[in-house]
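Single-structure report; data block below.
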Amino acid sequence: AQSVTQLGSHVSVSEGALVLLRCNYSSSVPPYLFWYVQYPNQGLQLLLKYTSAATLVKGINGFEAEFKKSETSFHLTKPSAHMSDAAEYFCAVSDRANFGNEKLTFGTGTRLTIIP
Amino acid sequence: EAGVTQSPTHLIKTRGQQATLRCSPISGHTSVYWYQQALGLGLQFLLWYDEGEERNRGNFPPRFSGRQFPNYSSELNVNALELEDSALYLCASSKIIPGQGRGNEQFFGPGTRLTVL
């Protein structure tokens, strides 16, 4: 069964500093991978997704992620944190090998705090 | 383009009652997914409907059920409510493109917060 692990339930960075949120996946075949963001009392918004094209994926709001098969990782980065980036971030996986299994399996989330 | 909408925003019920949650997908999307986000349990997949049929189900008891209507909107019903059913219920929709069925982006609604007293 596929799964994702997000290292660090809480991450704090200073405004202007690098943001790095970690995600490792477990899957028998390279999966589809997603990063979603959730602001307080809101639903999820897609930041970016990997579907086997370029391994470096650029998303919205200056975020990007790199798919590394050898490390089974899909870490999310942003060069310079803004106060508006404070939110909860979820890594998710969709199993391309299991036809019809369209569900997303989410990590436990990482709450990002930006320090002024 | 209107996004995924859910109603009601908040729902308060007591133990043993039934709750009905509603979701309208983005126009043109045929698939609807339901997820439960409970405190301490993260986001858990509940149900997936496509073209009116239940396609997949998560590890939830049968008292969690739903349906998809001809206009692709969906209902989630939770019978015999228990305290631990208190959670944010998120609906998502996507468009399944033939030949590109997997990996399609799911668009999420704002959720319905269900509180069971």
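Lettering of chains follows the sequences in order, A, B, ..., and the numbering in each one begins at 1. Bear in mind that the values here come from a model prediction, so they are computed numbers and not experimental data.
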- [ ] Working to the nearest 0.5 Å, report the span between OH of A/Tyr36 and CD of B/Gln106.
- [x] 5.5 Å

- [ ] Can you check whether anything in residues 15-38 of chain B gets within less than 4.5 Å of chain A, heavy-atom wise, and list it by number?
- [x] B/Tyr33, B/Tyr35, B/Gln37

Task: chain A contact residues among residues 69-86 of chain B, heavy-atom distance under 4.5 Å - done: none

Tell me which donor-acceptor pairs under 3.5 Å the side chains of residues 107-116 of chain A have, and how far apart each pair is, sequence neighbours excluded?
unit_1: A/Thr110; atom_1: OG1; unit_2: A/Gln6; atom_2: NE2; d: 3.3
unit_1: A/Thr110; atom_1: OG1; unit_2: A/Gly8; atom_2: O; d: 2.8
unit_1: A/Arg111; atom_1: NH2; unit_2: A/Glu88; atom_2: OE1; d: 2.9

TODO: Please round to the nearest 0.5 Å and tell me the distance separating atom CG of A/Leu104 and atom CZ of B/Phe108.
DONE: 5.5 Å

- [ ] Can you tell which part of A/Gln38 gets under 4.5 Å to a heavy atom of chain B, answering side chain, backbone, both or neither?
- [x] side chain

Task: Pairwise side-chain contact, A/Phe90 with B/Leu43, heavy-atom cut-off 4.5 Å (strictly under) - done: yes

Open item on the list: Can you tell me if B/Arg57 has over 12 outside heavy atoms packed within less than 6.0 Å of its CZ?
Closed with: yes

Task: Gap separating the CG atom of B/Leu88 from the CD atom of A/Gln42, nearest 0.5 angstrom - done: 11.0 Å

Task: Members of residues 109-117 of chain B whose heavy atoms come closer than 4.5 Å to chain A - done: B/Gly109, B/Pro110

Open item on the list: Hydrophobic clusters here meaning ILVMFWY residues chained together by side-chain heavy-atom distances under 4.5 Å, can you tell me if A/Leu21 and A/Leu56 are in one?
Closed with: no

- [ ] Say whether A/Tyr89 and A/Val93 are linked into one hydrophobic cluster, either directly or through other cluster members, by side-chain heavy-atom distances under 4.5 angstrom.
- [x] yes

- [ ] Check the hydrophobic clustering (I, L, V, M, F, W, Y; side-chain heavy atoms under 4.5 Å; chains of links allowed) and say if B/Leu46 and B/Leu39 are grouped together.
- [x] no

Task: Hydrophobic cluster identity match, B/Ile12 and B/Tyr89, side-chain contacts under 4.5 Å - done: no

Task: A/Val11 with A/Leu48, same ILVMFWY side-chain cluster at under 4.5 Å - done: yes

